[in-house]
Structures are given as structure tokens and as C-alpha cells.
Amino acid sequence: MGYATFDRSKRWPQATIPYEIDALSFPPDSTEREAVDDALKAWSSTTVVSFVPRNSEPDFLRLVPDEVRCNSPVGRAGGGQKVVLAFFPGIPAGAPVSAVNQQDDQVDCLYVDSDGAVRVSWVTGTGTWDGPVALTPPKTAWPGGQVTTAAQSDDQVDLFFVDTNGAVNVMWVGKTEPWSGPVALTPPGTVPVVAALAAARQSDEQLDLFFVDNTGAVNVMWVAATGPWSGPVALTPPGTASPGSSVATGRQTDDQLDLFYVGMDGVIRVMWVGGTGAWQGPLDLTGRGAASIVSPLTAVRQSDDQLDLFYVGTDGAVHLLWVAGTGTWTGPVDLTPLGTTRPGGQLAAARQSDDQLDLFFVDNNGMVNVMWVVGTGGWNGPVGLTPADTAPTGAALACARQNDDQLDLLYVGSDLALAVMWVGGTGSWNGPVAFPPGKFEPGSIIHELGHAIGLRHEHQRPDASAFVTISGGKPPDYGPVARAAPVGPYDCGSIMHYPERTQPPTLKVNDSAACQVGQRDAPSPEDRATVDYIYGRVTAPGGSLAAERQSDEQTDVLFVDRFGTPAVLWAGADGVWQGPAELAATGIASPGAHLVAARQSDEQLDVFFVDSKGAVNLMWVAETGGWNGPVALMPPGTAPAGAALAAARQSDEQLDVFFVDSKGVVNVLWVAETGGWNGPAALTPPDIAPAGVALAAARQFDDQLDVFFVDNDGAVNVLWVGETGGWNGPSRLTPPGTAPAGAALAAAQQSDEQLDVFFVDTNGAVGLLWIGETGGWSGPAVLTPPGTVPALAALAVARQSDEQLDVFFVDSKGVVNVLWVAETGGWSGPAALTAPGTAPAGAALAGTRRCDEQLDVFYVDTNGQVNVLWVGETGAWNGPGGL
């Protein structure tokens, strides 16, 4: 059914959960926002919990997306707690990505998703990837459009992209600051919306940005230090290159920056600038038709003295050009056979170590490949790093160092997922690990919101091994955890249950026919019932309760919960209620079934109920110990399931329990001090009363115990016994037809000299019978108008003080009422203690003294929540308050 935290400090007050949602990450009217809203409704519309937009509440949920994981604290953690929702935005397959070090130990990966939003994912140190976070609204850029990054200064990283209006834009971020922008650097229509961009530092103080504009001229823009951007300035005439085509940069020497592009004749050309001087060139590096006019180019330093330029020629081979120092260019040479990859395919290059340069591409089989060179040696490879069809042929790739020992390779695969591979030092490559694409998974969102409400994983229940076998797992995601408790039966269909796993940690279903697990797209009925249970809907509306002091410091309220399990709520000396906690196996009794509590000794509290098989059961607790049982005290079928019980002390040494069995016989069970239970013994002939009906028991005097019931003819009857003698009766105290057959009763001493018995008569009025120490029975007297209560309404009686006796009932309008009498005076009331409709008409109640100065009265409202009303010795009533 559920596995949950019942720590009340973790519950959301009034079952209301405020939340905030970022409109940039979850734009209004977007599919992502719709998915989140549907997940919120999945809980709000089916459980007692309500998710509401935050106003000014100090504790609230912050719903944030992430490209790698989902997680949430369990229950209310305080402050603005994050619920991380797995959002895997689709990205066009093979789309360009850019990787840059925002900090020495942080890699940022940037791209334009399928909605045209610029997004960033990032990883710090050796941690896991975070994100994606939208840096712009949707439709800002062309889906899968070009992005490029560069450091403007030691403290600032710049991101460049072309918006949907054809303007070049910049965004920037400081080491510890959020992203700013975008700001347009050019007028609309400057470049094609899919134009390539390149950026590089011309000097320590100047960053340059390059692109081919809509006229086919190669342009440069620049910024010095933190000043404003200048340009664009055309470095070539119009028609030099294809509008928006690839440009690449690389430092040939410490003082010289080179710029590469492909002319309209397919010739690769280079331009260069020294320091802050003027641009030189262009110079032809290849013959005509060497490259496609849109071929991407990649430039990187192979060593301190050598700059390499890579491209895929029109022949589908990877080619290399290189230059040493200020010498002349050499090449091109073929690094791969012809037809290895798509003509004009993308390449990426980076240093794996101080001595090794790696080159990456996706071949014609869709396999990511690596080639490498150590020092000034020959090139090795290519070697495939992934299976075939991993990415589109010629797809874009990006590289960055995650730390001094690790190089990361990122790309967008054929599955529209951003993927990462990595290598440490000179070791083997790992991965790829893909961040799967697609819309929000409804089940994932609902699952994380379930955690925020207070649910834990179903497969972490202590009884999980009966249904699934888990190997290699441990908390927080596997195995029982502290401060959590199972509720109801195990729920294989729970939204909180993980699917089967074949990779460690493994999870395997023991019996697939009986248990089917895995993420759903909605909470199961049992999930919803568990949430309601956490927040108070614990038993059947109007269900029976038993209330008693477990010790001088603790008060217990017991009931059979909505899953048919005996459960307890308790409050210590501080008055703070805890629980509920289930005490037995699920389904042992009917929800809301009758219970009775009584002290077997000064140190032991007993609770009795009739289980679903018709046996009277006993549970017990010794002061501050744990609960024991249940233990059946008789064979099944003895009494109707859920039959009413009464318990009272026959003497200081003996406790008696009474019930009407399936044959209509009043029976008694008894125990002397800490001995074994005896009985049941029949006290009446068969068919004297309806099977399983209510009884009441109380001491008439110090040496006599009385038991009361309403027989089949509607007469109130009494049975009585002295401390050690035999039972007497039954004897009728009223004429037939006084009360409905089997009507409920309550009994208590009004004073040391008088015993009162209360019942509901056939007119719906509360009636009273009484007896003094030496006199005969008097009454019945009527304490309320006719029609006040349903014919079979329950009654409860308790002392408010040494001088006052109170009687409680829920009237026909669902109002909890009290009648009271002071010592030998006249009865007062009834007085309403709650609003109409508070509880089902005639619902059960229980009362007990929490302390010498306070009386508590408990009932179950129309929502199945246990409520308390309380009063001091002479003060006004307080409450109700839900437990």
C-alpha cells in the first residue's frame, strides 16, 4: 500500500503544499508546463493534499528541471526545497553543442533544443551532471542552431548564437554569477539563422568573434577587456564564402591568431593577425574543390610549435593540414580512407594529455570514432568508441576537460539525447551515458511529488523481500530507512515502486504473475489512500475508537484503520500527537471495526477486537514497551466479524471481556493478573440479543460488576457478579420496546453512591437508568428530545472532573454533543461541541483523561480522520483538532 514518513514535522500544514515554478524552464502553454500541471493535479484531485502556487509561505517546493536525474526530499524539509524533475528536452539529432569550462572544475555544455531555447547542462568536479536550464525562452534560436563559447576574460565566459531574426547574440556568465543576456550584437538579417560562429582570443585583452554574413563576407567583431563590442567589420569582399558557412580559429604562435574558411571555389583559406595588428591574407591552403563550401573546419594545437587544421573533404576522408611555428603550411594528408564519413562532416579535437591530441568524428556507420597522436609521432586509429547508429553520420561533437585528469566528449545522438563520454589520463574511454530525450515523463514527476508529500519507495518496505529480490542496493533508494513505516499491503503497482533492473543494483520480481512493477502514469489507488492516511484519513468515517492511558505520561487512541489493521495514535506528556502506527497484519479486521481498551494491570494495557474470522483478539503493551499480539483468544466463527466488546475489572485481580456471540449468547472471557485467559463462558441462553451487538460494563459497587445489553425484545438487561461469586441474571430493567434491539449503551458511576446506564430509546432520545448503593433501579428517564440521535447511535461516557460526569453522542445532524451532571444534581444539555456534518450521525466516540486536569474526547469525522475535543476541569471545550 505504501511506505511513508509519519514524522509530523515532515507533514505539510493543512495538507497544503505551496510551490514555485520557473516560467523560463516551464513556459506557460508549453508541453512541459502541461505535464507538470497534470502531475500536480494527479495528487491534488484525488487525495486530501493540495498543491497551490506559493504566496509568501516560508516552506515551499521549487520545481526545477534536470537532464540527468529526478529527486526530492521526503516530506517537508523546510525553506525552498527543490523537487528535481527529469526533463529530457529533445535536441535535433547531431545538433551542434559547445563545451566550455565556466570554472576550473566545471564544464558547461550548451545547445539549442528542439523548441529553439538555448539551454545549459553542467558538471562540477567528479559529480553528476545538472540541468538543463533554459537560458532563453523557446523560439529564441533555430532548433539545433550553432552555438559557440569562449572566455572573454579570466572571470567571464561568453556564449554566442544566432537568433530567429538572423542577429548574432551574446550571453555571458561570471564564475559565481548567473547567466546574463542575450544581447543582440548585430542588426536582424546579418547572418542566416543557422550560421556558424567562431570565437577566439586575439590577445590577453581582446576577444574576437567571426562569421560569414548574408553577403558572403567574412566578418569580425571584437571586445577589449570588459568594454563594449565593436564591429562587425568585413575582412573579405562579399561573395567570398557561402553565407553562414563554417569558420575556425587557432593560434599559430603565441602572437598570431589564424582564421580559416572555405571559399566558394572549395578552397580552404587562412587569414592571420599578429598581436593587435591588421589582418593579413587570405592565403590558399588547398586546391579547388578540396572541401564542400559548407564544410566545418577544426583547428587545434598539436604541440607548442604546431597548429593542425582538420576537415572532411569532398571524398569523405578526414584530412590534415599543419604548420610549425611561423613556417609554411603542409598538407593536406589523408588520415582515413575515402568514404569514412559524410563529406562536410563535423570534427572535434582536444588534448587528452600533455603529449596526446585526440580527434573525433562520427563515421558512415553512425559510430563515434577517435584518432590520436602522441607528441610528434604518427596518427593512430580511427577506433570506434560506440556501437553503430549511435549518432548521425558527421554529427557535431564537443570536448572539454572536466578536471586535470579527465576529458569529456559530448554529442547529440540519433535518439535526440545529449550524451557524454569520458576518459581519464591515458586510460580507456567510458560511456556513452545519454540523457534520454523526450517530454517530461508523467510518472517521474508524480513519483517525485510523492516523495515531497511524504512517500518513500515501495520497494524499500521491510516486507519487500517477499515480492522482489534486490541485490547491491542500499539507502537512500533501496532498503528500509529510519523514520518510515509501511502502511497497508505491499503495492506492486505503486508509482513509488522502481521497475525491474538488470544492472547493479538489480531488482527482480519474485513472481511476475502476482506482482508487476514499474513506473506508471498515475498514482495507484493504494498510493492515494496512503497519502490520505499520512494526512489524517486513517479509518472508516465514524469508525470505532478506544482511548486509554498507556502510562502516566502517554495517552493512546486505537482504531482499525482503512486497511483493516489495528493502529495507534499517541501523545506524551508534551501533548504532541504522534503516529499513526500500524500494529498488526493488514486486513485482520474490518476498517473501523470495534475495539475496546482496558488495563489488565497497573503496568499493562490491553486492546481487544473481533477479527475478520470472528475470533476475539488481544493486543497488549507494557507501559513504555512495544505492542504485542494480536493473539486470538478463541476459535474463528465464535462472534460476528467486528462485533462489539465491553471490558471491565471484576476485581482488583481480574479483567473481564464481554461479547455477544454468533448464536446471540452473551459471553465472558477473563484473566487473573498476569495469568492465562479463560473462557469464553456463556452467561445467557442463545438468541437473547442480536449477534455482535454492543454491551456496557461498569462496577456498581466495589464488590459488584454489572454488564448491560438490549435484548431482542428491546428491553435493557443487566447481568451481575460479585468479586468471586457466580454470574446472576439477566434481569430486565425496562419493558420490551424501550430501545431498538441491540442498541448501544454506556455505563459509569455518577458518584460513589450511584451507577448510571445510558441508551438510545426507540424515539431517538437518550435515556437514563440509575441505581443507588442499596436501592433498586430507577428510570428510564429521558435526557434529550425525541429524534435527537439515530436509533443505534453510539454513546460514550467519561468524568470531566471528580464532581462531573459527561455523556457524548453524535446527533442526527452530525454534531458532537455533550450532556453533563454535577454529582447528584440535574442533567444539563445537550450542548453542541462541533458544527453540523462533522461526523456521521450516531458515530462512535471515546473519552479518556489525558491528565488529571484534562478530559479528551475522540471521534472519527466524515473524512475518516481522528479528531479530539478537550476540556479542563471547569473550563470551556476546545477543538476539534484533527490528529
Side-chain angles (χ1 to χ4, degrees), residues 594 596 598 608 616 634 638-640 643-672 677-750 753-762 767-781 795 797:
H594 193 275
V596 66
F608 307 90
V616 176
M634 62 183 62
T638 301
L645 301 154
R649 298 197 68 81
Q650 182 172 333
S651 66
D652 292 340
E653 292 79 25
Q654 182 172 318
L655 174 64
D656 291 356
V657 176
F658 307 92
F659 64 94
V660 181
D661 68 19
S662 299
K663 297 178 179 179
V665 177
V666 178
N667 282 259
V668 62
L669 292 155
W670 68 98
V671 64
W677 281 88
N678 301 277
L683 301 181
T684 67
D687 299 321
I688 197 169
V693 298
L695 309 99
R699 295 189 68 83
Q700 183 173 332
F701 310 113
D702 289 341
D703 58 354
Q704 182 174 319
L705 174 63
D706 291 357
V707 177
F708 306 92
F709 63 93
V710 180
D711 65 23
N712 282 322
D713 295 326
V716 178
N717 283 251
V718 63
L719 291 153
W720 68 98
V721 65
E723 283 199 345
T724 56
W727 282 90
N728 301 279
S731 175
R732 284 182 169 175
L733 302 180
T734 68
T738 301
L745 308 100
Q749 288 190 340
Q750 181 173 331
E753 293 79 26
Q754 181 174 320
L755 174 64
D756 291 354
V757 178
F758 307 91
F759 62 92
V760 178
D761 67 19
T762 51
L768 166 66
L769 293 157
W770 68 98
I771 189 172
E773 274 199 5
T774 57
W777 283 93
S778 301
L795 300 165
V797 60

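When reading the values below, keep in mind they use all heavy atoms of this one structure, side chains included, and skip hydrogens, waters and symmetry mates.
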Practice problem: Check for a donor-acceptor pair, side chain of Q704 on one end and backbone N or O of W720 on the other, with a separation under 3.5 Å. | Solution: no
Self-check item: Ring centre gap for F758 and W770 strictly below 6.0 Å
Solution: no
Exercise. Locate the shortest heavy-atom distance separating L755 from Q749; write the atom from each residue and the value.
Key: CD1-N, 3.9 Å
Quiz item: So how far is it from S651 OG to D703 CG, rounded to the nearest 0.5 Å?
Solution: 11.0 Å
Exercise. Determine yes or no for a side-chain-to-main-chain donor-acceptor pair under 3.5 angstrom, with T684 supplying the side chain and V666 the backbone.
Key: yes
Quiz item: Going by heavy atoms in the side chains, are V760 and L795 under 4.5 Å from each other?
Solution: yes
Quiz item: Shortest non-hydrogen contact from I688 to P730?
Solution: CD1-CG, 3.4 Å
Exercise. Decide side chain to side chain contact (heavy atoms under 4.5 Å, CB included) for V657 and V668; before the verdict, give the C-alpha distance in whole Å, the side-chain angles of both, and the deciding distance to 0.1 Å.
Key: CA-CA 6 Å; V657 176; V668 62; over 6 Å; no
Quiz item: Just by distance, do the side chain of D661 and the backbone of K663 share a donor-acceptor pair under 3.5 Å?
Solution: yes
Quiz item: So, do V665 and V660 sit near enough that their side-chain heavy atoms are less than 4.5 Å apart?
Solution: no
Exercise. Take M634 and L669 through the side chain to side chain contact (heavy atoms under 4.5 Å, CB included) test and state the conclusion after the steps.
Key: CA-CA 9 Å; M634 62 183 62; L669 292 155; 3.5 Å; yes
Quiz item: Looking at CD1 of I771 and CH2 of W777, how far apart are the two atoms once the value is rounded to the nearest 0.5 Å?
Solution: 5.0 Å
Quiz item: Closest approach of A639 and F659, non-hydrogen atoms and distance?
Solution: CB-CD1, 4.0 Å
Practice problem: Apply side chain to side chain contact (heavy atoms under 4.5 Å, CB included) to T738 and T762, showing your working. | Solution: CA-CA 6 Å; T738 301; T762 51; over 6 Å; no
Quiz item: Hey, mind stepping through L768 and F759 against side chain to side chain contact (heavy atoms under 4.5 Å, CB included) and telling me if it holds?
Solution: CA-CA 7 Å; L768 166 66; F759 62 92; over 6 Å; no
Practice problem: Looking only at non-hydrogen atoms, find the nearest pair between N717 and R732 and report the distance. | Solution: OD1-CG, 3.5 Å
Self-check item: Minimum heavy-atom distance between L769 and G779, given as atom pair plus value
Solution: CD2-C, 3.7 Å
Quiz item: Minimum heavy-atom separation for A644 to A694, with atom names?
Solution: CB-CA, 3.5 Å
Quiz item: Can you tell me if R649 uses its side chain to pair, donor with acceptor, with the backbone of D656 under 3.5 Å?
Solution: no
Quiz item: Got V671 and Q654 here, is their nearest side-chain heavy-atom distance under 4.5 Å?
Solution: no
Quiz item: Ignoring hydrogens and geometry, is there a side-chain-to-backbone donor-acceptor pair from T734 to V716 under 3.5 Å?
Solution: yes
Quiz prompt | N712 side chain to D687 backbone, donor-acceptor under 3.5 Å | solution = yes
Self-check item: Side-chain heavy atoms of W677 within contact of V616, under 4.5 Å
Solution: no
